[in-house]
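Take a look at the structure set out below.
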Amino acid sequence: MASLKIRKAETAVLDQDCSSDVVFILDSWMRSYRKSPDSNLPDDIFFTAYRTIAKILLSTSTVEIIHPDGEPNVFIGYIVYDKGAVHWVYI
């Protein structure tokens, strides 16, 4: 098995121009959170509202990605957190 590494995510969010890290993180975060019992809003409201919240959290939080050694663009998972709060974990 290959060893794993952790790297900081590129979290620049500039309206429509996001890094590839942010594109993957936003898509996977919204799709997985949508399956949560806490996401009881209609799709048109859910995706607009929570995508905005996630973008804010990505721009203000620490985001780290776990990946196979030598393959920084192959995501095993990621974590979005601040001191004292984990906002999202995806594996």
Asp69 side-chain N/O to Ser3 backbone N/O, donor-acceptor pair under 3.5 Å
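Pair absent, no side-chain N/O of Asp69 close to backbone of Ser3.
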
Under the side-chain contact (heavy atoms from CB on, under 4.5 Å) rule, what do Phe24 and Ile65 come out as? Steps first, then yes or no, please.
CA-CA 11 Å; Phe24 176 82; Ile65 296 169; over 6 Å; no

Just so I know, are the side chains of Lys8 and Thr62 near enough to count as touching, which here means a heavy-atom distance under 4.5 Å?
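Contact flag for Lys8/Thr62 side chains = yes.
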
Please lay out, stage by stage, how Ser32 and Trp88 fare under the test side-chain contact (heavy atoms from CB on, under 4.5 Å).
CA-CA 10 Å; Ser32 58; Trp88 197 250; 3.2 Å; yes

For [X] and [Y], work out which heavy atoms get closest and say how close.
X	Y	answer
Val80	Ser61	CG1-CB, 3.8 Å
Tyr81	Val86	CB-CA, 4.0 Å
Arg7	Asn73	NH2-OD1, 4.0 Å
Ile25	Tyr78	O-OH, 3.2 Å
Ala54	Leu26	CB-CD2, 3.7 Å
Met30	Arg51	SD-N, 3.6 Å

A quick test of your reading: do over 12 heavy atoms of other residues, nucleotides or ligands sit less than 6.0 Å from CZ of Arg34?
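Correct, the count exceeds 12.
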
Distance check, rounded to the nearest 0.5 Å: Tyr90 atom OH versus Ile66 atom CD1?
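If we round to the nearest 0.5 Å, Tyr90:OH and Ile66:CD1 are 14.0 Å apart.
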
Cluster question for you: counting only ILVMFWY and a side-chain heavy-atom cut-off of under 4.5 Å, with indirect links fine, are Ile91 and Phe75 together?
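No, it is not one cluster - the side chains of Ile91 and Phe75 are not joined through contacts under 4.5 Å.
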
If hydrophobic clusters are built by linking Ile, Leu, Val, Met, Phe, Trp and Tyr wherever their side-chain heavy atoms come under 4.5 Å apart, do Leu41 and Ile53 end up in the same one?
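Leu41 and Ile53: one cluster.
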
Set out, in order, the CA-CA distance, both residues' side-chain angles and the distance that settles side-chain contact (heavy atoms from CB on, under 4.5 Å) for Trp29 and Leu57, then state yes or no.
CA-CA 12 Å; Trp29 190 345; Leu57 289 171; 3.9 Å; yes

Stepwise side chain to side chain donor-acceptor pair (under 3.5 Å) test for His87 and Asp82:
CA-CA 8 Å; His87 302 296; Asp82 287 312; 2.7 Å; yes

Does the side-chain contact (heavy atoms from CB on, under 4.5 Å) test come out yes or no for Ile56 and Thr52, once each step is laid out?
CA-CA 6 Å; Ile56 292 167; Thr52 300; 4.3 Å; yes

